[in-house]
A.B. asks: 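I'd like to ask you about the structure that follows.
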Amino acid sequence: MPKILILYYSRTGNTEKMANAVAEGTRANGNVEVDVEYHVDPEDLARYDGIIVGTSTYYHDMPMDMKHLFEEVAVKGVNLKGKTGAAFGSYGWSGEAPKMVLEIMKLKFEMNVTEPALLALNTPDQKSLELCRALGKRVAETLMHTA
Ligand SMILES: Cc1cc2nc3c(=O)[nH]c(=O)nc-3n(C[C@H](O)[C@H](O)[C@H](O)COP(=O)(O)O)c2cc1C
C-alpha cells in the first residue's frame with residue numbers, strides 16, 4: 001500500500017486547515033496509508049512514496065525548520081529520487097515558500113512533482129479547501145497507479 005506523508009508548517013492555522021483537507025483527499029479512495037506530521041527526521045522521508053509539504057510564507061521565505069530538514073536530507077544523502085512530491089500553503093501577498101519547496105524537490109532531490117504549488121490566500125475558503133482535497137486525491141491516485 002503506498003505511503004504518503006503530509007508535512008506542514010503553520011503559525012496561525014491557515015496552512016494546517018489546508019493540510020487536513022489534503023489529507024482528506026488522499027484518503028478518499030482508501031488504499032493509501034497517510035501520516036500528517038508537523039516534524040519529521042530526515043531519514044523518515046525515505047519511508048514514504050509520496051511527500052506533500054505545506055508551508056506558509058513569512059518574510060518571503062520558507063520556515064527555518066524546513067530549510068534545516070532539506071539541508072539534513074542532502075547532507076545525510078537520504079534518497080528521494082523518483083518519489084512523488086507536491087507543495088501547498090497559505091500566504092498573504094507573495095507566497096514564495098511552497099514554490100521554493102517544489103523547486104527543491106524537483107531540482108535538488110529529483111522527485112516527480114505535481115505542478116504548480118497550490119496556494120490559498122490567508123484563511124482558505126471552501127473553494128481552496130476543495131482544491132486541497134483534489135490535490136491529495138491526485139497524489140494518491142498517481143501512487144496507486146504506479147505501485
Ligand atoms: C510577520 C509576517 C510576515 C509575513 N510575510 C509574508 C510574506 O513575505 N509573503 C506572504 O505572502 N505572506 C506573508 N505573511 C502572511 C502569512 O503567510 C499569512 O498570514 C498566512 O495565512 C499564514 O499562514 P499560517 O497560519 O499557516 O502560518 C506574513 C505574515 C506575518 C505575520
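Ligands are counted one by one from 1 in listed order, and the atoms in each one are counted from 1 as well.
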A.B. asks: So if I count the atoms of ligand 1 from 1 in the order they appear, which ones are less than 4.0 Å from some heavy atom of H60?
C.D. replies: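 What qualifies from ligand 1 is 7 (C), 8 (O).
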A.B. asks: Give the numbers and elements of all ligand 1 atoms closer than 4.0 Å to a heavy atom of S56.
C.D. replies: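 Counting atoms of ligand 1 from 1, those under 4.0 Å from S56 are 22 (C), 23 (O), 24 (P), 26 (O), 27 (O).
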A.B. asks: Does the plane of the ring in F70 sit parallel, tilted or perpendicular to the ring in F109? Use 30° and 60° as the thresholds.
C.D. replies: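 Taking F109 first and then F70, their aromatic rings sit tilted (interplane angle of 30° to 60°).
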A.B. asks: Atom CD of E33 and atom OG1 of T26: how far apart are they, to the nearest 0.5 Å?
C.D. replies: 11.5 Å
A.B. asks: Any nitrogen or oxygen of S94, main chain or side chain, under 3.5 Å from a nitrogen or oxygen of ligand 1?
C.D. replies: yes
A.B. asks: What about T123: any of its N or O atoms under 3.5 Å from an N or O on ligand 1?
C.D. replies: no
A.B. asks: Considering only non-hydrogen protein atoms, determine which one is nearest to atom 16 (C) of ligand 1 and report residue, atom name and distance to 0.1 Å.
C.D. replies: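 Sorting protein heavy atoms by distance from atom 16 (C) of ligand 1 puts T57 O, 3.5 Å first.
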A.B. asks: Got the closest protein heavy atom to atom 3 (C) of ligand 1, with its distance?
C.D. replies: Y58 CD2, 3.7 Å
A.B. asks: Taking 4.0 angstrom as the limit and counting only heavy atoms of T12, give me the atoms of ligand 1 inside it, by number and element.
C.D. replies: 24 (P), 25 (O), 27 (O)
A.B. asks: Using a strict 4.0 Å cut-off to heavy atoms of S90, name the atoms of ligand 1 that fall inside it.
C.D. replies: 17 (O), 20 (C), 21 (O), 23 (O)
A.B. asks: About how many Å separate NZ of K67 and CE of M62, when rounded to the nearest 0.5 Å?
C.D. replies: 6.5 Å
A.B. asks: Is there any N or O on Y59 that sits under 3.5 Å from an N or O of ligand 1?
C.D. replies: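 Yes, since at least one N or O of Y59 sits under 3.5 Å from an N or O of ligand 1.
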A.B. asks: Tell me, which protein residue and heavy-atom name are nearest atom 19 (O) of ligand 1, and how many Å apart are they?
C.D. replies: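 Checking every protein heavy atom, the shortest distance to atom 19 (O) of ligand 1 gives N122 OD1, 4.0 Å.
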A.B. asks: In terms of residue, atom name and distance, what is the protein heavy atom nearest to atom 12 (N) of ligand 1?
C.D. replies: G92 N, 3.0 Å
A.B. asks: Could you tell me the separation between the CG atom of D65 and the OH atom of Y38, rounded to the nearest 0.5 Å?
C.D. replies: 8.0 Å
A.B. asks: Nearest 0.5 angstrom please: Y91 OH to N14 CG, how far?
C.D. replies: 12.0 Å
A.B. asks: Side chain of K76, backbone of E43: donor and acceptor closer than 3.5 Å?
C.D. replies: no
A.B. asks: Does E96, backbone or side chain, put an N or O under 3.5 Å from an N or O of ligand 1?
C.D. replies: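 In fact, backbone or side chain, E96 has no N or O that close.
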A.B. asks: In ligand 1, which numbered atoms sit nearer than 4.0 Å to a non-hydrogen atom of G95?
C.D. replies: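 Ligand 1 atoms under the 4.0 Å threshold to G95: 10 (C), 11 (O).
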A.B. asks: Measuring from K106:NZ to E115:CD, what's the distance to the nearest 0.5 Å?
C.D. replies: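 Separation between the atoms: 3.5 Å.
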A.B. asks: Are any of the side-chain nitrogens in E141 or R138 under 4.0 Å away from the carboxylate oxygens of its partner?
C.D. replies: no
A.B. asks: Look at atom 4 (C) of ligand 1 and say which protein heavy atom is nearest, naming residue and atom and giving the distance to 0.1 Å.
C.D. replies: W93 CH2, 3.5 Å
A.B. asks: Near K108 NZ, under 6.0 Å, is it more than 12 heavy atoms from other residues, nucleotides or ligands?
C.D. replies: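 Check fails, neighbour count at 12 or below.
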